[in-house]
K.L.:
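Supplied in structure tokens, the structure appears directly below.
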Amino acid sequence: MAKEKKFVEAITAMDVDFAQWYTDIVKKAELVDYSSVKGCMIIRPYGYAIWENIQKYLDSRLKELGHENVYMPMFIPESLLQKEKDHVEGFAPEVAWVTHGGHEELTERLCVRPTSETLFCDHYAKIVQSYNDLPKLYNQWCSVVRWEKTTRPFLRTTEFLWQEGHTIHATAEEAQEETIRILNLYAELCENVLAIPVIKGQKTEKEKFAGAHATYTIESLMHDGKALQSGTSHNFGDGFARAFGIQYSDKTGKQQYVHQTSWGVTTRLIGALIMVHGDDSGLKLPPKIAPTQVIIVPIAQHKEGVLEKATELKNRIGNFARVKLDSSDKMPGWKFNEYEMKGVPLRLEVGPKDIENNQVVLVRRDTREKEIVSMNELENRIPQILEDIQNSMLESARKLRDEKTYTAVTMEEFKDIADNKPGFIKAMWCGETACEEKIKEVVGVTSRCMPFEQEHLSDKCICCGKEAKHMVYWGKAY
RNA sequence: CGGGGUGUGGCGCAGAUGGGAGCGCGCGUGGUUCGGGACCACGAGGUCGCAGGUUCAAGUCCUGUCGCCCCGACCA
């Protein structure tokens, strides 16, 4: 362990100070820089490349499912924002307002979008007339602004990047199907691409989105035992449709309100990647999302033929993986540490000895296992290793999460676990907000979700002792 | 928004009781090196967060203000 620490002195050890560890990684791996605007971050090329990979996957999957991308204005007139009561109330404390255009005060102030429900609704009301116009499956990639009090790179910033889908449907059933379809897509993104295991479930009344009929969520667990809401999908029912007058005439000529959904994931997912997979040497990226999957480090590159061979390998590997060659004058050891810190899944070392033996050295980031491979085998072996890294990262993340998931039946147990063992706690709940609030006050945890996969831990609500209606995942959350 | 901490070259820091702006790393050039953060030589780089004030003199003292970090209350 002491040896490991020596590798990367720049990063604070996780168990010494988790928050500092996170900040160190974010900066040292060159994901972000702080900007001159409070709470706003500069996403640097390496960080943005991760986001682009998330976008690529999600965007193509959404399009396969029939969604279309649009772009809405970043400003919302105050009157428009106020049309749905719960919605405004939910967002009012964190909206930024534009009051002036040039030197002139605006007659109506404009809000910088914290989310675009109202804009989509306003637009849908105009373009929808008949059942033939439905469904509308719109998605938008943009940034939104929420005036947060406490900010942290990726996890909570004043401005953040996201994707927001807004769909309208003829029936409640279709809207519900869409809501769940997207939740499943998000879960797939997390598990299959980001190697982050998630719990799918429904938010309680207290935790649901402002103005929603029901909110569904995927919850993941970070290395420090805190939960992170990683994506949400909302069924609005016809609440917004009524507030905004989004109606269509059905086949019988009757006016009906549409049924609506909205859903989003944000750059927060990058924070999840860091906190689920990272270790004391830095970031650890699953191959499917890593901007660079293979880094080639030439050894004694000044010697005859080394750089030529490294370049040749780069070109070959480039046919099936995202590869980079670092031919800078830095020491090989320096490069090893640098790319470990940046979480590059696989390192390929090639030096004079290797060339002599027609081999290379491959080193995995996740396990640090070293493997000598014949140069003839790269096309076979590298994809295998990358796939294996992808799978085993998901497995170890799942194992860690399961180890940090506890069960409580009494309040004493509940409190004891919450105080001493950071992680998810499963406990039964009667469904009353009063109990939820009391649990927060007494135990110090919030409800994360009512998982789709329910378990019967006891007949009674852990708080009031009345009949239990749901098993709930509780925890401290980001 | 409350409590605590912090702000000095790019980064990490030192600068007791007011009077030379310094160190390590990094950066540039040249050379020797290269299988886990190399070494030597030379060199570039600073409105001491910002604004006032006290003083002959402020990185240092006083007031205000802003940013960042940590802990809480609110949130993707």
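Keep in mind that what you see is a predicted model, and the values were worked out from it rather than measured. Note on naming: letters A, B, ... go to the chains in the order of the sequence lines (proteins, then strands), and numbering restarts at 1 for each one.
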K.L.:
In whole Å, I'd like the distance from the NE2 atom of A:His87 to the C1' atom of B:A76.
P.N.:
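So the two atoms are 14 Å apart, to the nearest Å.
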K.L.:
Below 4.0 angstrom, N of the basic side chain to O of the carboxylate: do A:Lys284 and A:Asp279 qualify?
P.N.:
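Salt bridge: yes.
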K.L.:
Quick one: A:Lys476 NZ to B:C74 P, roughly how many Å, whole number?
P.N.:
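Distance, rounded to whole Å: 15 Å.
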K.L.:
Let me spell it out: for each of A:Pro298 and A:Ala477, pick the nucleotide of RNA chain B with the closest heavy atom. Which residue's pick is nearer the 5' end?
P.N.:
A:Pro298
K.L.:
For A:Lys353, report the nucleic acid contact type (base, sugar-phosphate, nothing); a contact means any heavy atom under 4.0 Å.
P.N.:
base
K.L.:
P atom, B:G12 versus B:G19: distance in rounded Å?
P.N.:
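It comes out at 26 Å once rounded to the nearest Å.
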K.L.:
Quote, to the nearest angstrom, the P distance that separates B:G45 from B:G9.
P.N.:
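Each nucleotide's P atom is 16 Å from the other's.
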K.L.:
What is the distance, rounded to the nearest whole Å, between atom CD of A:Glu441 and atom P of B:C74?
P.N.:
11 Å
K.L.:
Would you classify A:Lys440 as touching base, sugar-phosphate or nothing, given that sugar-phosphate means primed atoms plus P, OP1 and OP2, and contacts are heavy atoms under 4.0 Å?
P.N.:
sugar-phosphate
K.L.:
Let me know the distance between CG of A:Leu155 and C1' of B:C74, rounded to the nearest Å.
P.N.:
16 Å
K.L.:
Go ahead and name the base partner of B:A57; Watson-Crick or wobble counts if both distances stay under 3.5 Å, otherwise write none.
P.N.:
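The answer is none; no pair meets the criterion.
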K.L.:
Do A:Thr179 and A:Ser233 have a side chain donor and acceptor closer than 3.5 Å?
P.N.:
no
K.L.:
Answer with base, sugar-phosphate or nothing: what part of the nucleic acid does A:Val144 contact at a heavy-atom distance below 4.0 Å?
P.N.:
nothing
K.L.:
For B:C71 and B:U33, measure between their P atoms and round to the nearest Å.
P.N.:
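To the nearest whole Å, 50 Å.
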K.L.:
Taking A:Cys142's backbone N and O only, do any of them form a donor-acceptor pair with A:Gln140's side chain (distance below 3.5 Å, no angle check)?
P.N.:
no
K.L.:
If we take the P atom in both B:G24 and B:G43, what is their distance in whole Å?
P.N.:
14 Å
K.L.:
Could you pull out the closest heavy-atom pair between A:Phe154 and A:Thr267, with the gap in Å?
P.N.:
CD2-O, 3.5 Å
K.L.:
Could you tell me how far apart A:Lys206 (NZ) and B:A73 (P) are, to the nearest whole angstrom?
P.N.:
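The distance from NZ of A:Lys206 to P of B:A73 comes to 11 Å, rounded to the nearest Å.
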K.L.:
Can you figure out which of B:G36, B:G35, B:C27 approaches the side chain of A:Lys330 most closely?
P.N.:
B:C27
K.L.:
Polar atom pairs between nucleotides 66-69 of chain B and protein, under 3.5 Å, N or O only, would you list them?
P.N.:
from, atom 1, to, atom 2, distance (Å)
B:C68, OP1, A:Gly39, N, 3.0
B:C69, OP1, A:Tyr34, OH, 2.8

K.L.:
Please check if the distance between the ring centroids of A:Phe91 and A:Phe209 is under 6.0 Å.
P.N.:
yes
K.L.:
Which base sits across from B:G30 as a Watson-Crick or G-U pair, both distances under 3.5 Å?
P.N.:
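In the structure as shown, B:G30 has B:C40 as its Watson-Crick or wobble partner.
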K.L.:
With a cut-off of under 6.0 Å to the ring centre and 45° to the axis, is A:Lys404 in cation-pi contact with A:Phe424?
P.N.:
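The answer is no; the distance or angle limit is not met.
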K.L.:
How many whole angstroms separate atom OH of A:Tyr216 from atom P of B:A76?
P.N.:
17 Å
K.L.:
Return the nearest nucleotide to the side chain of A:Ala300; candidates are B:C34, B:G35, B:C74.
P.N.:
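Nearest to the side chain of A:Ala300 among the choices is B:C34.
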K.L.:
Whole angstroms only, please: what is the OH-C1' distance between A:Tyr478 and B:C74?
P.N.:
17 Å
K.L.:
Any strand is fair game: report the nucleotide pairing with B:C48 by Watson-Crick or G-U wobble, both distances under 3.5 Å, or none.
P.N.:
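WC or wobble partner does not exist here.
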K.L.:
Can you find a donor-acceptor pair, distance only, under 3.5 Å between A:Arg347 side chain and B:G35 base?
P.N.:
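Side chain to base: no pair below 3.5 Å.
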K.L.:
P atom, B:A58 versus B:C50: distance in rounded Å?
P.N.:
15 Å
K.L.:
Using a cut-off of 4.0 Å on non-hydrogen atoms, how would the nucleic acid contact of A:Thr217 be classed: base, sugar-phosphate, or nothing?
P.N.:
nothing
K.L.:
Taking the same atom, P, in B:C56 and in B:C69, what whole-Å distance lies between them?
P.N.:
41 Å
K.L.:
Base, sugar-phosphate or nothing for A:Asp329? Non-hydrogen atoms, less than 4.0 Å.
P.N.:
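If one applies the 4.0 Å heavy-atom cut-off, A:Asp329 turns out to touch nothing in the nucleic acid.
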K.L.:
Classify the ring geometry between A:Trp51 and A:Trp141 as parallel (under 30°), tilted (30 to 60°) or perpendicular (over 60°).
P.N.:
perpendicular
K.L.:
B:U33 C1' sits how many Å from A:Gln301 CD, rounded?
P.N.:
12 Å
K.L.:
Is the ring of A:Phe160 stacked on the base of B:A76, with centres less than 5.5 Å apart and planes under 30° off?
P.N.:
yes
K.L.:
Is the distance from OP1 or OP2 of B:C71 to the nearest side-chain N or O of A:Lys149 less than 4.0 Å?
P.N.:
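Checking A:Lys149 against B:C71: no side-chain N or O falls below 4.0 Å of OP1 or OP2.
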K.L.:
Report yes if the distance between the aromatic ring centroids of A:Phe240 and A:Tyr124 is under 6.0 Å, otherwise no.
P.N.:
no
K.L.:
Is a donor from one side chain sitting under 3.5 angstrom from an acceptor on the other, for A:Ser143 and A:Glu159?
P.N.:
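Judged by distance alone, the side chains do pair up.
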K.L.:
For B:A51, is chi within 90° of 0 (syn) or not (anti)?
P.N.:
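What B:A51 shows is an anti base, its glycosidic angle lying more than 90° from 0.
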K.L.:
In the strands shown, is B:G35 matched to any nucleotide by a Watson-Crick or G-U wobble pair with both distances under 3.5 Å, and which?
P.N.:
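Partner of B:G35: none found under 3.5 Å.
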K.L.:
Specify the residue among A:Lys27 and A:Val361 whose closest nucleotide of RNA chain B lies further upstream toward the 5′ end.
P.N.:
A:Lys27
K.L.:
With both distances under 3.5 Å as the test, what is the Watson-Crick or G-U wobble partner of B:A76?
P.N.:
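Checking every strand shown, B:A76 finds no partner, since no pair has both distances under 3.5 Å.
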K.L.:
For B:G7, what is the paired nucleotide under Watson-Crick or G-U wobble rules, both distances under 3.5 Å?
P.N.:
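When the pairing criteria are applied, B:C66 turns out to be the nucleotide that pairs with B:G7.
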K.L.:
Please name the nucleotide paired to B:G2 by Watson-Crick or G-U wobble geometry with both distances under 3.5 Å, or report none.
P.N.:
B:C71
K.L.:
Using purine N1 to pyrimidine N3 plus N6-O4 or O6-N4 for Watson-Crick, or N1-O2 and O6-N3 for G-U wobble, each under 3.5 Å, what pairs with B:G22?
P.N.:
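Paired with B:C13.
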K.L.:
Tell me whether A:Tyr339 contacts the main-chain N or O of A:Asp326 through its side chain, where contact means a donor paired with an acceptor under 3.5 Å.
P.N.:
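Flag not set: sc A:Tyr339 to bb A:Asp326 has no pair under 3.5 Å.
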K.L.:
How far does the P atom of B:U60 sit from the matching atom of B:G53, given to the nearest Å?
P.N.:
14 Å
K.L.:
If you look at every strand shown and take non-hydrogen atoms under 4.0 Å, does A:Glu148 touch a base, only sugar-phosphate, or nothing?
P.N.:
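Base contact.
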K.L.:
Suppose you measure atom P in B:U6 against the same atom in B:A44; what distance do you get, rounded to whole Å?
P.N.:
35 Å
K.L.:
For the side chain of A:Thr150, counting heavy atoms from C-beta on, which of B:A76, B:G35, B:C1 is nearest?
P.N.:
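Out of B:A76, B:G35, B:C1, the nucleotide with an atom closest to A:Thr150's side chain is B:C1.
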K.L.:
Mind checking if A:Glu349 touches a base, just sugar-phosphate, or nothing, with heavy atoms under 4.0 Å?
P.N.:
base
K.L.:
Using a strict cut-off of less than 4.0 Å between a Lys/Arg side-chain nitrogen and an Asp/Glu carboxylate oxygen, indicate whether A:Asp419 and A:Lys415 qualify as a salt bridge.
P.N.:
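Answer for the salt bridge query: yes.
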